[in-house]
Q: 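Sending over a structure as structure tokens; questions will come in a sec.
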Protein chains: 2
Amino acid sequence: MSDGNTGVPHMVTAAVGARLPGQVRAADYEACPVTHTVRMLGDKWTLLVLMLLAERAHRFNELHRRADGISQRMLTRTLRTLEDDGLVARTVFPTVPPGVEYDLTARGRELLVPLSALADWVVQGRAA
Amino acid sequence: MSDGNTGVPHMVTAAVGARLPGQVRAADYEACPVTHTVRMLGDKWTLLVLMLLAERAHRFNELHRRADGISQRMLTRTLRTLEDDGLVARTVFPTVPPGVEYDLTARGRELLVPLSALADWVVQGRAA
DNA sequence: CCGAATCCCTGATGATACTG
DNA sequence: CAGTATCATCAGGGATTCGG
């Protein structure tokens, strides 16, 4: 409720059923959590990492190998963002050398549902 | 069928139900239509323009006014991309001065459904 | 093995001026 | 009104190197 939004709480939800203000302020659009989500999904490696983790948990270098072309830097960054957003859990095993496992959280798995719906829409468009 | 994909037809759909190859080749990931879609949704103005058009058809300058902060250049580019992807229809009225109207296509409106599902997921996460 | 720190470069975006 | 053209800027991403 009191999340600091000034009138455009969840733009997409609002737009399908309701009306947007006469002018959508840039700050509101940028602050919208839906905007944040599609931005994150849209950057170069997020979707791929998400799909790999949807299959099963992975070690860092495992992801690095399976995601052809990704740099260590970007894999780290992508995983960090996903972790910060609560979609991925990071578990460290105090072995020698240390092992780190990444896996989807419950919320991360829930995201796969609307994501599949989106993918279905994409596929439908090609069939038609 | 023969769409040139080498094994990763629709990654997201595949990943939720099936397995990905041992290594997902960069070219396949980049060529994936789902990847293309989330990239497009993720760029700076696409979502906002989509939401405004979800409400009703708009004239160019109308969109320019309602989308605070967008430049003419980026509004043009965003609309062009949406048009190329078949989500937005452009209609020119041969009046003086000329009027151009932008509206969602049937396919564009269908996109609102999975997009709403995604927005709902976002909202759920905040409530919890 | 799993990163962090640094440097660099290209593509995406913004500002401004001009036109049918 | 609805753009196009050009130039400037800036952030995302890649390569490389170093450390626990």
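Each chain gets a letter, A, B and so on, in the order its sequence line appears, and its residues count up from 1. FYI, side chains are in, hydrogens and waters are out, and symmetry mates aren't considered; it's all heavy atoms of this structure.
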Q: Report the nucleotide, chosen from dA2(D), dT4(D), dG14(D), that has the shortest atom-to-atom distance to any side-chain atom of K44(A).
A: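 Nucleotide nearest to K44(A)'s side chain: dG14(D).
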
Q: Taking all atoms of both residues into account, what is the closest heavy-atom pair of W45(B) and M74(B), and its distance?
A: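 Shortest heavy-atom contact: CD1-CB, 4.0 Å.
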
Q: Can you identify which nucleotide, out of dC1(C), dG3(D), dC1(D), has its nearest atom closest to the P97(B) side chain?
A: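 For the P97(B) side chain, the nearest candidate turns out to be dC1(D).
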
Q: In whole angstrom, give the distance that lies between atom CH2 of W45(A) and atom P of dG13(D).
A: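 Taking atom P of dG13(D) as the reference, CH2 of W45(A) is at 10 Å.
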
Q: What does Y102(A) touch in the nucleic acid at a heavy-atom separation under 4.0 angstrom: a base, only the sugar-phosphate, or nothing?
A: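 Sugar-phosphate, no base atom in range.
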
Q: Under 3.5 Å, side chain of R66(B) to main-chain N/O of V49(B), donor-acceptor pair present?
A: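 No, because the side chain of R66(B) does not come within donor-acceptor range (under 3.5 Å) of the backbone of V49(B).
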
Q: Out of dC2(C), dT13(C), dA2(D), which nucleotide sits closest to the side chain of N61(A)?
A: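 Of the options given, the side chain of N61(A) lies nearest dC2(C).
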
Q: Distance check needed: dA2(D) C1' versus L75(B) CG, whole Å only.
A: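 From L75(B) CG to dA2(D) C1': 10 Å.
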
Q: Whole Å only: how far is the CG atom of D43(B) from the P atom of dA11(D)?
A: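 Whole-Å distance recorded here is 17 Å.
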
Q: How far apart are the closest heavy atoms of L82(A) and M40(A), and which atoms are they?
A: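 In terms of heavy atoms, the two residues are closest at CD2-CE, 3.5 Å.
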
Q: Using only atom types and a distance under 3.5 Å, with no angle test, would you say the side chain of Y29(A) pairs donor to acceptor with the backbone of L48(B)?
A: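 Looks like yes, one N/O pair under 3.5 Å.
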
Q: What is the distance, rounded to the nearest whole Å, between atom CZ of R59(B) and atom P of dG3(D)?
A: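 Checked: the CZ to P distance equals 10 Å.
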
Q: Can you name the side chain to side chain contact (heavy atoms under 4.5 Å, CB included) partners of V92(A), sequence neighbours left out?
A: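 If we apply the side chain to side chain contact (heavy atoms under 4.5 Å, CB included) test to V92(A), skipping adjacent residues, the hits are R90(A), V100(A).
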
Q: Donor-acceptor pair, R107(B) side chain versus W121(A) backbone, under 3.5 Å?
A: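 Between the backbone of W121(A) and the side chain of R107(B) there is a qualifying donor-acceptor contact (under 3.5 Å).
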
Q: Rounding to a whole Å, what distance do you find between E83(A):CD and dC2(C):P?
A: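 Spelled out: CD on E83(A) to P on dC2(C) is 14 Å.
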
Q: Would you mind reading off the distance between R39(A) atom CZ and dA11(D) atom P, rounded to a whole angstrom?
A: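 My rounded result for the distance is 13 Å.
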
Q: Please encode protein proximity along nucleotides 15-20 of chain D as a string of B, S and -, counting only heavy-atom distances under 4.0 Å.
A: B-----

Q: OP1 or OP2 of dG3(D) versus the side-chain N and O atoms of R90(B): is any pair under 4.0 Å?
A: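 Checking R90(B) against dG3(D): at least one side-chain N or O falls below 4.0 Å of OP1 or OP2.
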
Q: Over how many whole Å does the gap from H58(A) atom NE2 to dC1(C) atom P extend?
A: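 Those two atoms, NE2 and P, are 16 Å apart.
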
Q: Classify R80(B) by what it touches in the nucleic acid, base, sugar-phosphate, or nothing, heavy-atom distance under 4.0 Å.
A: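 The answer is sugar-phosphate, as R80(B) gets under 4.0 Å only of primed atoms, P, OP1 or OP2.
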
Q: For D103(B) and A89(B), indicate whether the former's side chain and the latter's backbone hold a donor-acceptor pair under 3.5 Å.
A: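 No.
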
Q: Return the value, rounded to whole Å, for the distance between atom CE of M74(B) and atom P of dA8(D).
A: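 Value for this atom pair: 19 Å.
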
